[in-house]
Asks: 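Let me begin by handing over the structure; questions about it come next.
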Amino acid sequence: MESRNIEKALEISAKLAAGETVSEQGTNAALYQEYSTNPEVYDMVLLSLKKMELSVYEYNNSLFAAPKAHGSLFGYSNEALRRELGLRTNGELYLAYFIIYNIIMEFYTDTISATYAEFVRVEDIVRKVDDTTAGIVDKKNGFVLSEIEENSFRSLALSWDSLPAATVELSELRAAKNSKSGFVKLVCNFLVSQQLLSDNQERYYPTDRFRAVVENYFDDSRGRSMELVDHSGEERDEHAAD
């Protein structure tokens with residue numbers, strides 16, 4: 001392999017590993033062209049990112065890298081992600097995961113069928129999580145799922161159901177764990193910081209990075225269960241996805 005091709009492949013890999021986008025347009029356009037037209041560069045980028053436990057996804061003529069499931073080099077451990085979100089326990093972290101899952105479902109019915117919602121608001125996400133947990137908690141009759149399913153979602157559903165809808169008007173809402181709306185905003189702020197959502201006057205839009213991950217990552221993981229919560233109930237520190 002030519003040294004020039006090695007250099008270009010490593011440059012692309014380094015930028016993707018650092019969280020940059022390599023796109024057909026913009027400052028990295030020449031690198032995107034190398035990736036798209038030079039087979040040696042393409043193969044080496046995939047190989048080098050694989051060694052770093054990263055996957056590369058292409059969406060809208062742009063390249064994005066995301067950590068592989070349970071990767072040890074990139075992504076967040078549960079402990080690091082709790083610190084990033086200002087959470088104390090894994091139970092709170094699993095609730096954040098569950099909110100992220102519901103945000104995804106606001107835009108997708110599955111990984112190949114976008115719902116084409118242009119954006120979501122905090123209240124839309126709260127309503128979605130309420131609807132999802134409605135099948136888990138019956139306030140008159142208790143839990144309505146099987147014993148195994150109850151044990152999987154019991155604390156998550158109770159944690160969400162115990163929160164008030166909001167502590168202030170939505171126009172004055174701050175990210176916090178003391179209400180459903182505040183918790184959702186906390187999660188949305190994190191997703192914005194990860195370049196997965198963009199925020200425009202409290203309207204949250206999916207970015208190309210978001211769509212690249214959703215439309216490719218879970219297809220790559222087909223055949224393996226997506227671990228949004230720890231079904232064993234034990235403390236874990238496995239690496240979370242990007």
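On a predicted model such as this, the values are computed, not experimentally measured, just so you know.
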Asks: Just jot down the salt bridge (charged side-chain N to carboxylate O under 4.0 Å, His left out) partners of Lys15, sequence neighbours excluded, or say none.
Replies: Glu20

Asks: Which of these passes side chain to side chain contact (heavy atoms under 4.5 Å, CB included) with Ser13: Met44, Lys51, Met52, Lys8?
Replies: Met52

Asks: Taking only residues two or more places apart in sequence, or in another chain, which ones meet Tyr32 in a side chain to side chain donor-acceptor pair (under 3.5 Å)?
Replies: Glu58

Asks: For Thr21, does its backbone N or O pair with a side-chain atom of Asn28 as donor and acceptor, under 3.5 Å?
Replies: yes

Asks: Identify, with sequence neighbours excluded, every residue that meets ring pair (Phe, Tyr, Trp, His ring centres under 6.0 Å) alongside Phe119.
Replies: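 Phe119 satisfies ring pair (Phe, Tyr, Trp, His ring centres under 6.0 Å) with Tyr205 only.
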
Asks: Once salt bridge (charged side-chain N to carboxylate O under 4.0 Å, His left out) is applied, do any residues pair with Arg203, and if so which ones, sequence neighbours excluded?
Replies: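 If we apply the salt bridge (charged side-chain N to carboxylate O under 4.0 Å, His left out) test to Arg203, skipping adjacent residues, there are no hits.
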
Asks: Could you tell me which residues satisfy salt bridge (charged side-chain N to carboxylate O under 4.0 Å, His left out) with Lys50, sequence neighbours excluded, listed by chain and number?
Replies: none

Asks: Look up atom CZ in Arg4 and atom CD1 in Ile6, then write down how far apart they are to the nearest 0.5 Å.
Replies: 12.0 Å

Asks: Please name all residues satisfying side chain to side chain donor-acceptor pair (under 3.5 Å) with Asp199, sequence neighbours left out, ordered by chain then number.
Replies: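 In terms of side chain to side chain donor-acceptor pair (under 3.5 Å), with neighbours along the sequence ignored, Asp199 is linked to no residue.
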
Asks: Where do Tyr204 and Ile103 land on the side chain to side chain contact (heavy atoms under 4.5 Å, CB included) test, with the steps shown first?
Replies: CA-CA 10 Å; Tyr204 295 96; Ile103 291 172; over 6 Å; no

Asks: Given a cutoff of under 4.5 Å between side-chain heavy atoms of I, L, V, M, F, W and Y, with clusters grown through shared members, what are the other residues clustered with Phe64?
Replies: Tyr59

Asks: Please examine the side chains of Leu47 and Asp43, heavy atoms only from C-beta on, and report whether any two atoms are closer than 4.5 Å.
Replies: no

Asks: How long is the gap from CG on Leu10 to OG on Ser48, to the nearest 0.5 Å?
Replies: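 Going from CG on Leu10 over to OG on Ser48, the span is 6.0 Å.
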
Asks: What I'd like to find out is whether the side chain of Arg127 reaches to under 4.5 Å of the side chain of Val120, using heavy atoms alone.
Replies: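 Counting from C-beta outward, Arg127 and Val120 never come under 4.5 Å.
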
Asks: Not counting sequence neighbours, which residues clear side chain to side chain donor-acceptor pair (under 3.5 Å) with Glu24? List them please.
Replies: Asn61

Asks: Between Tyr94 and Tyr97, how do the two ring planes meet: parallel, tilted or perpendicular, split at 30° and 60°?
Replies: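 Judged by the thresholds at 30° and 60°, the geometry between Tyr94 and Tyr97 is tilted.
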
Asks: Let me confirm one number: the CG-CZ distance from Leu186 to Arg174, rounded to the nearest 0.5 Å.
Replies: 13.5 Å

Asks: Can you name the side-chain contact (heavy atoms from CB on, under 4.5 Å) partners of Leu46, sequence neighbours left out?
Replies: Tyr35, Tyr42, Val56

Asks: Is there a donor-acceptor pair under 3.5 Å between the side chain of Ser36 and the backbone N or O of Gln33?
Replies: no

Asks: Do Leu163 and Ser179 come close enough that some side-chain heavy atom pair is under 4.5 Å?
Replies: no

Asks: Quick one: list whatever passes side-chain contact (heavy atoms from CB on, under 4.5 Å) with Ala96, sequence neighbours left out.
Replies: Leu85, Leu87, Phe183, Val187

Asks: Using the side chain to side chain contact (heavy atoms under 4.5 Å, CB included) rule, take Tyr108 and Glu215 through it: C-alpha gap first, then chi angles, then the decisive distance, then the call.
Replies: CA-CA 9 Å; Tyr108 290 87; Glu215 295 181 18; 2.5 Å; yes

Asks: Apply side chain to side chain contact (heavy atoms under 4.5 Å, CB included) to Val45 and Glu34, showing your working.
Replies: CA-CA 10 Å; Val45 168; Glu34 289 284 349; over 6 Å; no

Asks: Regarding Glu92 and Lys177, does a basic nitrogen lie under 4.0 Å from an acidic carboxylate oxygen?
Replies: yes

Asks: Enter the distance from Thr207:OG1 to Asn60:CG here, rounded to the nearest 0.5 Å.
Replies: 11.0 Å

Asks: So do the side chains of Arg121 and Glu202 get within less than 4.5 Å of each other, counting heavy atoms only?
Replies: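 The answer is no; the side chains never approach within 4.5 Å.
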
Asks: Could you list the residues that satisfy side chain to side chain donor-acceptor pair (under 3.5 Å) with Glu11, not counting sequence neighbours?
Replies: none

Asks: Under 4.5 Å between any side-chain heavy atoms of Thr133 and Asp161, yes or no?
Replies: no

Asks: Could you give the distance from CG (Leu191) to CG (Leu197), rounded to the nearest 0.5 Å?
Replies: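 The distance works out to 5.0 Å.
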
Asks: At what distance, to the nearest 0.5 angstrom, does CG of Leu31 lie from CG of Asn38?
Replies: 11.5 Å

Asks: Do Ser62 and Asp208 have side-chain atoms, one donor and one acceptor, less than 3.5 Å apart?
Replies: no

Asks: Using a 4.5 Å cut-off on heavy atoms from C-beta on, say whether the side chain of Trp160 contacts that of Ile99.
Replies: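 The answer is yes, as the side chains (C-beta and beyond) meet within the 4.5 Å cut-off.
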
Asks: Name all residues meeting the ring pair (Phe, Tyr, Trp, His ring centres under 6.0 Å) criterion together with Phe210; count only those two or more places apart in sequence or in a different chain, and write none if there are none.
Replies: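 Once residues adjacent in sequence are excluded, the partners of Phe210 under the ring pair (Phe, Tyr, Trp, His ring centres under 6.0 Å) criterion are Phe107.
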
Asks: Could you check whether Arg83 pairs with Glu79 (Lys NZ or Arg NE/NH1/NH2 to Asp/Glu carboxylate O, under 4.0 Å)?
Replies: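 Looking at Glu79 together with Arg83, the answer is yes, because their closest N to O distance falls below 4.0 Å.
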
